[in-house]
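In what follows, a single structure is set out as structure tokens and then discussed.
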Number of protein chains: 2
Amino acid sequence: MSSSKSLTVLVDPRINEVEDAAKEAISHSKTLLIIGRCWVDYHGRAKSKLEPGERILIIKSDGSLLVHRSVGYEPVNWMPGGNVIFNVQERGNRLEIRAVRQKPPETVTIIFDKIQTCTSLVLSDSGEFSLYASEEDMQRAILIKPDLLEEGFRPITYEKKVEPGFVDVYGEDRNGKFVVVEIKRKTAGKEAVFQLGRYIDAVRTKANREIRGILVAPSIAKGVQRTLVTLGLEYKQLDPRKCADVLTRSATKRLAEFFGQ
Amino acid sequence: MSSSKSLTVLVDPRINEVEDAAKEAISHSKTLLIIGRCWVDYHGRAKSKLEPGERILIIKSDGSLLVHRSVGYEPVNWMPGGNVIFNVQERGNRLEIRAVRQKPPETVTIIFDKIQTCTSLVLSDSGEFSLYASEEDMQRAILIKPDLLEEGFRPITYEKKVEPGFVDVYGEDRNGKFVVVEIKRKTAGKEAVFQLGRYIDAVRTKANREIRGILVAPSIAKGVQRTLVTLGLEYKQLDPRKCADVLTRSATKRLAEFFGQ
DNA sequence: GAGTGGATTTCGCAT
DNA sequence: ATGCGAAGTCCACTC
């Protein structure tokens, strides 16, 4: 029951049919999907045991392996791709698939005793994936459009190394005061405030000027406002999605300028 | 092309065939797999865009959604299960599938223009999943690799019977002080601290040397730190999974070496 | 319901 | 190699 160039679909197959198909798929770096009743053992960084049930097994062209149950966003067992070695064989009318990798040393063993479908094919996929509005994106957005922070802000450097770690953005406000900016892309907790506090302390010991510390985040956790005030820090609300808008527009603009010249 | 009770398999189907199958699968909380050429947009906590290519779409019975590329352990786009609303419809010989959830507000839109396979079925799965790293494993791990407790620790005995019960591990630190170790695999409460306190008292009455008591656990409950200090005890954070790592590494390594050849 | 911490986290990037 | 931090993190547990 097959079709197309690389596509192979087996419905209610015998175990040895799947054995052949799986070996062929893995050796040719195809994508392999098996749906059936199985149980799974994992040994490595921890140990786990999954009792029999119907699941979806996916083995991708890079050797990554996923076992998915009928519910849940996450795989119940998995193996990240890379240097993974597979072993497929029939044993007493059961199909045993074992995936082993060295670094870190771990093993996933899947045994099927009933298979509903087995599908293998080459996935042709060169489409680009782009994600906007990471923490780095927010930083870039502020560098491109400093008014996002406040009017008159002028960035000097970014990711400047100071004693406890890195300052996200570092600049001057309209009155010439130093400004240290710490960026979080989601609700800022105590951790972020203390981090900024440590930055500020480190900078104060070196520069003998007035320093403002600004925490940039879409929102702040419940009791954190108090901590901010206590440490003499400020808070500027900024949604990562706003930053994404700036980035995409500015990118388009720069592209236009480039082609305009 | 179908079989079994709930299993439906379509190979190289027309778009409207898949539309019907997908609507049927989603409305009946079946598991749905579509393999084909698609592009994906995500709007929500961030924005992402995936250009056209062949991928695997999985929609599970709980509404969780996964888009997998030909490589990588992680999905390129996804939606965790729960209160997810799906919308499936054909538009100009393309199949548009949209998943929306409110908390947090986000949307994944997938458009297929060519479909290789569409599979839907009910996955019957009641098998239990257990992740194993018991208190005994943690103890053995510390015996195998005493540095897990602290550098220079040398175990002498384990599960040694003392007055109130058993000491988990008993040894000397780098300075020759006696060390009594109590292990909990879950968050340690006051109970564990008092238990260790009783052990310490029992040992102190026999040995006339300085004794350190260390509570080993992945975490400690809220007010327990205070109790520890009061009783002059220490706390060492240690995750049972880290211990499982130590335990299984050699066995897994040997296996990896075998299959590597 | 929000905050906090862990994960077989994975995946970068910097040292 | 190692270590640190981010993630559309997710998830479970505490408060």
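Throughout, a chain's letter reflects where its sequence line sits, starting with A, and its residues are numbered from 1.
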Open item on the list: Going by ring-ring contact (aromatic ring centres under 6.0 Å, His included), name the residues that satisfy it together with A:Y73, two or more places apart in sequence or in a different chain.
Closed with: B:W78
Open item on the list: Within the 4.0 Å heavy-atom criterion, would you say A:F129 contacts the bases, only the backbone, or no part of the nucleic acid?
Closed with: nothing
Open item on the list: Please classify the nucleic acid contact of A:S134 as base, sugar-phosphate, or nothing, using heavy-atom distances under 4.0 Å.
Closed with: sugar-phosphate
Task: From D:dG8, D:dA6, C:dT8, nucleotide with atom closest to A:E106 side chain - done: C:dT8
TODO: Using a cut-off of strictly less than 4.0 Å, decide whether B:R45 has a side-chain nitrogen or oxygen near OP1 or OP2 of D:dA6.
DONE: no
- [ ] Please determine if a side-chain N or O atom of A:K184 lies less than 4.0 Å away from the OP1 or OP2 oxygen of D:dA6.
- [x] yes
Take the protein atom [atom1] of [X] and the nucleotide atom [atom2] of [N], then report the distance between them rounded to whole Å.
| X | N | atom1 | atom2 | answer |
| --- | --- | --- | --- | --- |
| A:E135 | C:dG12 | CD | P | 17 Å |
| A:E136 | D:dA7 | CD | P | 9 Å |
| B:L131 | C:dA7 | CG | C1' | 10 Å |
| A:L196 | D:dG5 | CG | C1' | 17 Å |
| A:M138 | D:dA6 | CE | P | 12 Å |
| A:K60 | C:dT10 | NZ | C1' | 13 Å |

Open item on the list: Going by the rule side-chain contact (heavy atoms from CB on, under 4.5 Å), which residues pair with B:A99 if we only count those two or more places apart in sequence or in a different chain?
Closed with: B:L65, B:M79, B:V84, B:F86
- [ ] Start with the C-alpha gap between A:E150 and A:I214, add the side-chain angles, then the distance that decides, and say whether side chain to side chain contact (heavy atoms under 4.5 Å, CB included) holds.
- [x] CA-CA 10 Å; A:E150 67 178 28; A:I214 304 181; 4.3 Å; yes
For the [atom1] atoms, the ones on [N] and on [M], what distance do you get once it is rounded to whole angstrom?
| N | M | atom1 | answer |
| --- | --- | --- | --- |
| D:dC11 | D:dA7 | C1' | 14 Å |
| C:dT4 | C:dT8 | P | 23 Å |
| D:dA6 | D:dC10 | C1' | 14 Å |

Open item on the list: According to salt bridge (Lys or Arg N to Asp or Glu O under 4.0 Å), does anything in residues 63-82 of chain B pair up with another residue at least two apart or in another chain? List the pairs.
Closed with: A:D125-B:R69
Please identify each residue that fulfils side-chain hydrogen bond (donor to acceptor under 3.5 Å, both in side chains) with [X], with sequence neighbours left out.
| X | answer |
| --- | --- |
| A:R94 | none |
| B:D62 | B:S64 |
| B:S61 | none |

Task: Residue pairs fulfilling ring pair (Phe, Tyr, Trp, His ring centres under 6.0 Å) with at least one residue in residues 33-66 of chain B, sequence neighbours excluded - done: none
Open item on the list: Within residues 63-81 of chain A, which residues have any heavy atom lying less than 4.0 Å from an atom of DNA chain D?
Closed with: A:Y73, A:E74
- [ ] Taking A:E128 for its side chain and B:E51 for its backbone only, find out whether a donor-acceptor pair lies under 3.5 Å.
- [x] no
Give every pair of a protein N or O atom and an N or O atom of nucleotides 2-5 of chain C that lie under 3.5 Å apart, one pair per line with the distance.
unit_1: C:dG3; atom_1: OP1; unit_2: A:K222; atom_2: N; d: 2.6
unit_1: C:dT4; atom_1: OP1; unit_2: A:K190; atom_2: NZ; d: 3.4

